Amino acid sequence: MKISAVKGMNDILPEQIGTQRPISAWQRLENACRVRFDLYGYREVRTPVVEETRLFARSIGESTDIVGKEMYTFSDRKGKKLLSLRPEGTAGVVRAFVQHSVHTRDPITKWWYGGPMYRYERVQAGRYRQFHQIGAEAIGVAEPAMDAELLVMLDRLLRDDLRISPLKLLVNSLGDRADRTAYVDLLKSYLKKHLDSLCEDCRRRYEQNPLRALDCKVPDCQPVLDEAPQIGESLSEPARRHFEKVLALLGEMDIELEVRPRLVRGLDYYNRTCFEFVAGGLGAHDTVCAGGRYDDLVGSLGGPRLPAIGFAMGVERLVMLLPEDPNLEPEGPRVFFVYVGEESLETCFRLMEEMRESGVSAEMDFRGGSVKSQMRRADKKGARFAIVIGETEIATRRVSLKELWREKARDEETISFDLLVDSVKKRLLMNG
RNA sequence: GUGACCAUAGCUCAAUAGGUUAGAGCGCUGGACUGUGACUCCAGAGGUUGAGGGUUCGAUUCCCUUUGGUCACCCCA
């Protein structure tokens with residue numbers, strides 16, 4: 001019986017298989033995030049993969065596709081509670097923040113998180129059922145500088161640290177709740193007049209979520225949408241000033257961006273600033289990072305009425321775009337021991353461990369076989385040195401150190417057992 | 001939920017019009033060198049042609065069903 005991984009859930013292997021990047025690419029991305037977030041005062045938080053379903057329903061929105069049809073939901077053994085695999089990270093993080101009354105210790109909380117998320121969707125390029133997000137949330141600051149700092153941090157991370165290119169930052173303001181409801185009314189009455197020139201999907205959106213119609217890609221819809229009222233015109237004075245300040249601060253830092261009046265977000269909780277980083281070369285899903293302000297969410301989950309802003313990055317999408325690492329380390333052992341006969345196995349075993357204890361990676365092939373086949377393996381693993389140990393070496397307590405990689409370098413020098421480790425270390429220090 | 005395309009060795013792909021024993025490169029194992037890799041040469045292992053059914057003297061090839069994969073729509077990171 002051959003069992004393979006569940007559809008849409010992928011293995012990440014040490015080496016590259018097909019288009020699936022090796023785990024080293026993931027590690028590079030994760031390390032870059034860790035370093036960058038630390039620089040800006042974000043601390044890591046880890047929350048469970050499973051939460052009560054109501055948490056997601058309340059925060060993400062009952063009417064969203066995510067909650068309506070994409071969650072992995074089940075009842076636990078006792079049957080009382082409905083649980084779900086998390087479809088995104090913010091809800092759980094905010095829940096943890098509220099549950100532990102974190103705001104009582106510090107009025108400002110900056111947290112980052114990462115891990116697998118789950119959505120039951122048809123898989124497609126850049127979209128999986130188990131996928132990974134790395135995100136951050138800054139809770140407690142309403143000032144526009146917070147928005148700007150977050151965007152500067154992301155721009156530096158994506159552009160400078162990860163070298164994602166091409167990359168575009170799109171921003172918009174959704175206004176406050178009242179602005180949004182006023183605008184939705186305005187938009188609806190406009191769309192109503194043009195329903196017959198809109199596509200089928202847009203007519204459905206008109207009923208369900210008019211804002212999403214603005215995102216429509218159907219060419220025939222564009223003329224109508226271009227003429228549609230823009231949310232910018234419906235912003236309250238404070239919301240407008242907030243947005244302008246964000247843009248001013250970003251301009252100050254020479255952050256390149258595009259204001260997209262038609263940019264909206266899929267989750268219900270966003271207000272004011274929202275943004276998206278889009279890259280090329282990913283098929284239909286070019287967004288690698290998205291987020292925005294959610295000033296009402298913490299309060300609505302039973303916590304203090306604190307403003308917040310956050311984002312999430314799609315790890316699979318970013319990893320796919322990560323340029324090859326120019327200075328990739330050879331991952332093989334530095335030293336490979338080759339043994340000839342049972343007695344030399346013991347000697348190799350001991351010397352190999354001595355090598356490792358002093359910090360030099362070493363391996364051997366316990367399966368034995370011919371010296372040739374063991375040497376082949378040493379080469380294949382990318383070892384720097386090979387050491388063959390047989391009867392003569394044991395008798396003289398000396399080994400010859402063969403340097404691989406080099407074409408000629410026949411400098412097989414004999415070294416006594418006692419000096420072996422030091423000698424290898426010295427050579428490693430001398431040239432790489 | 002809707003639609004399109006694909007499926008042959010571990011990987012990438014061949015196989016004339018439906019024809020005999022399904023091939024190649026890479027990888028793997030071994031040998032040439034009985035204690036020395038990488039280069040070269042030689043050999044070997046590895047296939048229910050995704051699965052099931054049908055048409056046919058004969059199916060990798062044509063038809064149906066099914067499973068899996070890929071991509072797009074919806075939606076989203």
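If you're wondering where the values come from, they're calculated on a predicted model, not measured in any experiment. Every chain is numbered from 1 and lettered A, B, ... according to where its sequence line falls, protein lines coming before strand lines.
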Nearest-Å distance once atom [atom1] is located in both [N] and [M]:
{"N": "B/U60", "M": "B/A7", "atom1": "C1'", "result": "11 Å"}
{"N": "B/C74", "M": "B/A4", "atom1": "C1'", "result": "16 Å"}
{"N": "B/A59", "M": "B/C42", "atom1": "C1'", "result": "36 Å"}
{"N": "B/C28", "M": "B/C75", "atom1": "C1'", "result": "45 Å"}
{"N": "B/C33", "M": "B/C41", "atom1": "C1'", "result": "13 Å"}
{"N": "B/C26", "M": "B/A9", "atom1": "C1'", "result": "12 Å"}

Using a 3.5 Å limit on both pairing distances, list the dot-bracket string of RNA chain B from the 5' end; Watson-Crick and G-U wobble pairs count, crossing pairs take [ ], interstrand pairs take |.
(((((((..((((.....[...)))).(((((.......))))).....(((((..]....))))))))))))....

Once the angle between the rings of A/Phe275 and A/Phe277 is folded into 0 to 90°, is it parallel (under 30°), tilted (30 to 60°) or perpendicular (over 60°)?
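If you compare the ring of A/Phe275 with that of A/Phe277, the planes turn out perpendicular.
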
For A/Trp112 and A/Phe37, take the angle between the two ring planes, folded into 0 to 90°, and tell me which bin it lands in: parallel under 30, tilted 30 to 60, perpendicular over 60.
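Aromatic pair A/Trp112/A/Phe37 classed tilted.
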
Relative to A/Phe417, does A/Arg398 satisfy both conditions: NZ or CZ under 6.0 angstrom from the six-membered ring centre, and within 45 degrees of the ring's axis?
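No, a cation-pi geometry is absent between A/Arg398 and A/Phe417.
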
Using the six-membered ring of A/Tyr206, assess whether NZ or CZ of A/Lys188 lies under 6.0 Å from its centre and within 45 degrees of the ring axis.
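Output yes; distance and angle both within limits.
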
Donor-acceptor pair under 3.5 Å, [X] side chain vs [N] base:
{"X": "A/Arg127", "N": "B/C75", "result": "yes"}
{"X": "A/Gln374", "N": "B/G35", "result": "no"}
{"X": "A/Arg205", "N": "B/C74", "result": "no"}
{"X": "A/Thr392", "N": "B/G35", "result": "yes"}

A/Arg293 pairs by side-chain hydrogen bond (donor to acceptor under 3.5 Å, both in side chains) with which of A/Asn271, A/Asp176, A/Asp147, A/Thr273?
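It is A/Asp147; the other options fail the test.
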
Between [atom2] on [N] and [atom1] on [X], what's the gap in Å once rounded to a whole number?
{"X": "A/Arg376", "N": "B/A38", "atom1": "CZ", "atom2": "C1'", "answer": "10 Å"}
{"X": "A/Arg129", "N": "B/C75", "atom1": "CZ", "atom2": "P", "answer": "18 Å"}
{"X": "A/Glu121", "N": "B/C75", "atom1": "CD", "atom2": "P", "answer": "11 Å"}
{"X": "A/Arg367", "N": "B/G30", "atom1": "CZ", "atom2": "C1'", "answer": "13 Å"}
{"X": "A/Glu88", "N": "B/C76", "atom1": "CD", "atom2": "P", "answer": "12 Å"}
{"X": "A/Arg86", "N": "B/A77", "atom1": "CZ", "atom2": "C1'", "answer": "13 Å"}
{"X": "A/Leu404", "N": "B/A38", "atom1": "CG", "atom2": "C1'", "answer": "8 Å"}
{"X": "A/Phe277", "N": "B/A77", "atom1": "CZ", "atom2": "P", "answer": "15 Å"}

Heavy-atom closest contact (A/Arg95 atom, A/Pro48 atom, distance)
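Result for this residue pair: NH1-CD, 4.1 Å.
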
Would you name the heavy atoms of A/Cys348 and A/Tyr339 that are closest together and state the gap between them?
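Of all heavy-atom pairs spanning A/Cys348 and A/Tyr339, the closest is SG-CB, 3.6 Å.
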
Whether A/Asp422 and A/Lys425 form a salt bridge (side-chain N of Lys/Arg under 4.0 Å from carboxylate O of Asp/Glu) is what I want to check.
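Salt bridge absent between A/Lys425 and A/Asp422.
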
Under 4.0 Å between a Lys/Arg side-chain N and an Asp/Glu carboxylate O for A/Glu70 and A/Arg122?
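No, this pair does not count.
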
Starting at the 5' end of RNA chain B, which residue's closest nucleotide do you reach first, A/Arg204 or A/Gly314?
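Checking each residue's closest nucleotide, the 5'-ward one belongs to A/Arg204.
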
Whichever of A/Glu70 and A/Ile389 has its nearest RNA chain B nucleotide further upstream toward 5'
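Of the two residues, A/Ile389 wins.
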
Side chain to side chain donor-acceptor pair (under 3.5 Å) for A/Glu227 and A/Tyr190? Distances and angles first, verdict last.
CA-CA 9 Å; A/Glu227 298 296 314; A/Tyr190 169 81; 5.9 Å; no

Counting the atoms with a prime plus P, OP1 and OP2 as sugar-phosphate, which does A/Val388 contact under 4.0 Å by heavy atoms, base, sugar-phosphate, or nothing?
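Counting heavy atoms under 4.0 Å across all strands, the contact made by A/Val388 includes a base.
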
Write down the protein N/O and nucleotide N/O pairs, taken from nucleotides 66-71 of chain B, whose separation is under 3.5 Å; answer none if there are no such pairs.
residue	atom	partner	partner atom	Å
B/G69	OP2	A/Lys7	NZ	2.8
B/C71	OP2	A/Ala125	N	3.2

